[in-house]
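Reviewing the structure listed below.
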Amino acid sequence: MILIKDGRVIDPKSGMDETLDLIIRDGTITEMGKFQKSDDYDTVIDARGKIVAPGLIDVHVHFRDPGFTHKEDLESGARAAAAGGYTTVVCMANTNPVVDCKEVLCDLQRRASSLPIRVLNAAAVTVGLKSRKLTDMEALKQAGAVGFTDDGIPIQDVKLVLEAMRKAKQLGVPLSFHEEDPDLVGSPGINAGKIAQAVGVPGASSMAEETLIARDCLLALETGAVINIQHISSKVSVELVRMMKMLGVKVYAEVTPHHFSLNQEAVLEKGTFAKVNPPLRTEEDRYALIRGLKDDVIDIIATDHAPHSKEEKAEGILKAPSGLIGLETALALGITYLVRQGHMTLPHLLEKMTVKPAKLYNLDSGTIKIGGRADLIVFDEREKWVAERFHSKSENSPFIGTELVGKVKYTICSGRVVYQEEEGTYES
Ligand code: DOR
Ligand code: ZN
């Protein structure tokens, strides 16, 4: 039995925001109120001056397992997630082999079942992420896929997207889209324009993203499918999603912490660690993303945690792979760049990291309630720290050396302490 004492309990779903104690028994929150410490508890967590919130949910991570486990694997990814305050993550399908059939999916799920946090999967929309043939979405859904995406490789065939949406609507699952038309991308990872010119690459324009967002939202309007625009990055994209929501499109949008914290200038200082798809864009774009979060055009904060090795990232700006790790800095980036800057309240930030992602993928978590699963995070919203070392196998973060505010103290998943800051420990 665990007692979490005297924390400020924030539950964005119910609107609860008060100082309370929680009792956890057999993986479940059994009581909320005021309780005395006693020997009945195996663990008492002193949460005075700290925030207690639902465990975070990240609907966009790359754990590189199977196929690229020198960058990350299920265990190291779960460890990084727990250290970042996450109790549920959804892995993307761009592994080797691709998660496009039951065999690969079931193997992942079997191995994930012994991890201390919930590691779920989105399966591929098209076989081999090749934009030629749809996967057996029905079988994959039955086998446990929470949604479908070809993340990393945008789907070019419009007829296939239409067919996928009809199927997704019928199955009641969401489709998530990485929107960057390869025909309009000169070179990936750096915004086309002055920074791309300065580092000597053609770059990727926001038009490549915006045209596909318009296409897929219109297809979703026609089919009634629920869709999710992954890692939205430009001002026009935000305005498109705003308009599409007004037209009745069932569209969600995700933004990454790096897109709301940094602009394209970061490439000059951080080099390939700031190379990411879609690219970091202008300050005007960054501001539009923050506005989109504030007024709920953007529903979800998701990291796109994309580990790459030192050697690969050292290959030069044109050749190095795109992507950066994000699980261990996401909450602090939200607090530092959104809450402390006065753009959003803490409950509003947490809503986009708990309730909204749970809603998109129909997950039974993301809230604090009696009888509910004890997935919780305890953090200090004021503590300053500098990101230096990671639980992830990779360290491709542009935030190394940056002072951040907001530190995870405990992560509890299904009633077990899976991360405790003081010891930097993690239970497997
Ligand atoms: O920069 C990125 N890297 N964006 C993606 O969408 C995929 C990811 C990866 O898999 O490395
Ligand atoms: Zn992507």
Side-chain angles (χ1 to χ4, degrees), residues 58-73 77 80 89-99 121-126 128-129 131 147-156 174-182 185 187-191 201 203-204 206 208-209 212-213 216 227-234 237 252-259 262 264 266-267 270-281 300-313 315 317-327 330 392-399:
D58 191 348
V59 291
H60 193 149
V61 303
H62 298 269
F63 280 0
R64 310 299 190 206
D65 193 341
F68 310 100
T69 50
H70 60 291
K71 305 185 197 214
E72 199 80 285
D73 57 27
V89 298
V90 178
C91 292
M92 299 296 101
N94 63 341
T95 49
N96 185 19
V98 170
V99 187
N121 292 92
V125 180
T126 72
L129 308 176
S131 290
F148 292 86
T149 176
D150 273 11
D151 178 55
I153 316 231
I155 310 176
Q156 278 182 289
L175 282 180
S176 291
F177 289 99
H178 179 140
E179 305 290 41
E180 279 194 291
D181 187 336
V185 170
S187 66
I190 314 289
N191 194 30
V201 298
S206 60
E209 171 176 316
L212 284 199
I213 290 178
D216 292 338
I227 66 164
N228 170 37
I229 308 300
Q230 298 177 293
H231 39 48
I232 191 168
S233 74
S234 85
S237 296
Y252 288 71
E254 284 170 29
V255 69
T256 70
H258 44 277
H259 284 103
L262 298 174
Q264 57 181 358
V267 173
K270 309 284 178 181
T272 59
F273 277 20
K275 180 181 180 187
V276 61
N277 301 341
L280 302 170
R281 302 205 192 269
I300 293 170
I301 294 172
T303 65
D304 191 11
H305 178 82
H308 290 295
S309 71
K310 259 197 193 110
E311 294 71 30
E312 291 163 305
K313 279 292 192 184
E315 281 183 278
I317 202 77
L318 202 54
K319 232 180 133 211
S322 295
L324 53 100
I325 56 168
L327 283 164
S392 169
K393 275 192 190 179
S394 297
E395 41 191 57
N396 51 313
S397 167
F399 299 105

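Whatever order the structure lists them in is the order used to number ligands and atoms, beginning at 1. In this chain, numbering begins with 1 at the start of the sequence shown. Keep in mind that this is a model prediction, so the values were computed, not measured.
Distance check: Thr126 OG1 to Ile153 CD1 gives 8.5 Å after rounding to the nearest 0.5 Å.
The distance from ligand 1 to the heavy atoms of His231 drops below 4.0 Å at these ligand atoms: 6 (O). Of all the atoms in ligand 1, the ones that sit under 4.0 Å from a non-hydrogen atom of Val276 are 1 (O). Numbered from 1 in the order shown, with element, the atoms of ligand 1 that lie under 4.0 Å from a heavy atom of Asp151 read 6 (O). Using a 4.0 Å cut-off to heavy atoms of His308, the atoms of ligand 1 that qualify are 11 (O). The ligand atoms of ligand 1 that sit less than 4.0 angstrom from a heavy atom of Ala306 are 3 (N), 8 (C), 9 (C), 11 (O).
Residue His60 has no nitrogen or oxygen atom sitting less than 3.5 Å from a nitrogen or oxygen atom of ligand 1, judged on distance alone. Note: an N/O pair closer than 3.5 Å links Gly323 and ligand 1 by distance alone.
When hydrogens are left out, the protein atom nearest atom 1 (O) of ligand 1 is Asn277 N, 2.8 Å; that is the closest non-hydrogen contact. Looking only at heavy atoms of the protein, atom 3 (N) of ligand 1 is closest to Ser322 O, 3.1 Å. Scanning the protein heavy atoms around atom 7 (C) of ligand 1, the nearest turns out to be His62 NE2, 3.7 Å. Among all protein heavy atoms, the one lying closest to atom 9 (C) of ligand 1 is Arg64 NH2, 3.4 Å.
Counting heavy atoms under 4.0 Å from ligand 1, residue Lys275 does not touch it at all. With a 4.0 Å heavy-atom cut-off, ligand 1 is reached by no atom of Met92.
With respect to Phe177, the side-chain contact (heavy atoms from CB on, under 4.5 Å) criterion is satisfied by exactly one of Ile155, Thr149, Asn228: Ile155.
With 3.5 Å as the limit, one finds a donor-acceptor pair spanning the side chains of Arg281 and Ser233.
Looking only at side-chain heavy atoms (C-beta outward), Asp181 and Gln156 come within less than 4.5 Å of each other. In this structure, the side chains of Ile232 and Glu209 come closer than 4.5 Å at one or more pairs of heavy atoms. The side-chain heavy atoms of Glu180 and Pro279, taken from C-beta on, include a pair separated by under 4.5 Å.
Across every non-hydrogen atom of Ile325 and Ser392, the tightest pair is CG2-OG, 3.9 Å. Across Thr95 and Met92, no two heavy atoms sit closer than the pair CG2-O, 4.4 Å. The two atoms that bring Glu72 and Lys393 nearest to each other are OE1-N, 2.8 Å, heavy atoms only.
Listed for the Gln230 side chain is a donor-acceptor partner under 3.5 Å among the backbone atoms of His178. Asp58 contributes no side-chain N or O that, together with a main-chain N or O of Ala302, makes up a donor-acceptor pair within less than 3.5 Å.
Classification of the His231-His60 ring pair by plane angle, with boundaries at 30° and 60°, yields tilted.
Near the Zn ion (ligand 2), less than 2.8 Å away, sit the protein N, O or S atoms Asp151 OD1, His178 ND1, His231 NE2.
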